[in-house]
Amino acid sequence: MTRKASAEACANIALIKYWGKRDAERHLPCNGSISLALADLRTVTTVAIDPSLTADTLALDGHPASAAELGRLGKVLRPLRERAGETACVRVESVNYFPTAAGLASSAAGFAALALAAAAAYDLTLDEPELSRLARIGSGSACRSVPGGWAEWHAGTDPAGLDSFATRLAPPDHWDLRVMVGLVATGPKAVGSGAGMAGTVATSPFYAGWLQGVAEDLPVARAAILARDFDTLGEAAERSCLRMHGSMLGAVPPLLYWQPATIAVMQAVWQWRQEGLPCFFTIDAGPNVKVFCPAAVAADVERRMKFIPGVTGVRASGPGQGVALSKAHLF
Ligand code: 2P0
């Protein structure tokens, strides 16, 4: 008999960024980070335990996964199998409802959904910190998609990562901000974030400054979210983004994810703020720019972004929920 479960999770956008690992195998970060889950950038993952299989299978948006992706799947499944006393293989399908591998953190939603769906398929009940740690083993930022809403990933100090998981700072309806994902490129990027982080930690003289700045920005952003202080949060988020990218520029070889259109959006956002439009940007390990603003001005920001040359699309999203089981199986 095949046991099957599906789960749905949202991507998340880091406002205070995660950049650099103290343990690459376990995805243990050098610094804490703070994020907002995005309701409209979702992944659905179905896991079926199938004793007739001789190896795990994984399909991403209908395509067979690479060996590296299967390796990450195995890392997440291993602790669940040990705990459940199971050896049977699984068939996994995951569908993203947004462009993958373009700095939109599709792996975050995917591994959060995988952790819950796989635990449910193996008939295990994990509490939220356990699920968050499990999702982190697949992809670091995935741990923040488990609680969803406004979330903080605690870097932790435990070598095994027991204290490195995300908790919810506030529910999605705490503050009705909008995030506009400005699409600059949708193809896969040349340097993945894992390699980018490793190069920055190992070679950038700016990395120590990055860590010092993030330690100062975390309490500022946390308090600004709780107080719904938009300008303070926005300033901290832009600072975090720019310092993260600055640390990459100091790496050997240097790492630059921006395209001309990335910079055009950044400069437009600064101009719009001067004109009185409340909005800030943030950029992950890719060329796309996310602009966030209060819901009341979202339509104006979206319209303006679409006019910027090189921006090929804008995907608007409000705050999203944490990971949840879904009755809609993919197969
Ligand atoms: C973040 N990024 O905080 C940062 C900002 C990109 C820039 O987390 O190697 O896919 O799986 O731990 O989580 C993207 O990196 O990396 C990321 P792994 P992940 O969202």
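Ligands are counted one by one from 1 in listed order, and the atoms in each one are counted from 1 as well.
Within the listing of ligand 1, atoms 10 (O) sit less than 4.0 angstrom from a heavy atom of S107. Close approach of ligand 1 to M244 is summarised as follows: ligand atoms under 4.0 Å from at least one heavy atom of the residue are 5 (C), 7 (C). Using a 4.0 Å cut-off to heavy atoms of A14, the atoms of ligand 1 that qualify are 1 (C), 3 (O), 20 (O). Here is the list of ligand 1 atoms found below 4.0 Å of a heavy atom in R144: 1 (C), 3 (O), 20 (O). Here is the list of ligand 1 atoms found below 4.0 Å of a heavy atom in S193: 10 (O), 14 (C), 15 (O), 16 (O), 19 (P). Short contacts between ligand 1 and M197, defined as distances under 4.0 Å to a heavy atom of the residue, involve ligand atoms 15 (O), 16 (O). Every atom of ligand 1 is numbered from 1 in the order shown, and the set under 4.0 Å from a heavy atom of R72 is 9 (O), 11 (O).
Among N12, I283, D284, the residue whose heavy atom lies closest to atom 5 (C) of ligand 1 is D284.
Between K17 and ligand 1, not a single N/O pair is under 3.5 Å apart. Here's the thing with G140: one of its N/O atoms is less than 3.5 angstrom from an N/O atom of ligand 1.
Remark: D123 CG is loosely packed, at most 12 non-hydrogen atoms of other residues, nucleotides or ligands lying under 6.0 Å away.
For the pair R91 and F331, the cation-pi test (distance below 6.0 Å, angle within 45°) is passed.
The main-chain N or O of S66 is found under 3.5 Å from a side-chain atom of E69 such that the two form a donor-acceptor pair.
Remark: R243 does not engage E238 in a salt bridge, criterion side-chain N to carboxylate O under 4.0 Å. Looking at E302 and K306, a side-chain N of the basic residue comes within less than 4.0 Å of a carboxylate O on the acidic one, giving a salt bridge.
At least one heavy atom of K21 lies less than 4.0 angstrom from ligand 1. The closest approach between S33 and ligand 1 stays at or above 4.0 Å for every heavy atom of the residue.
For H245, the ring-ring contact (aromatic ring centres under 6.0 Å, His included) test picks out W258, with sequence neighbours left out. The salt bridge (Lys or Arg N to Asp or Glu O under 4.0 Å) search around E25 returns K75, not counting sequence neighbours.
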*Would you please test H154 and S164 for side-chain contact (heavy atoms from CB on, under 4.5 Å) and show each step?*
CA-CA 5 Å; H154 310 279; S164 188; over 6 Å; no

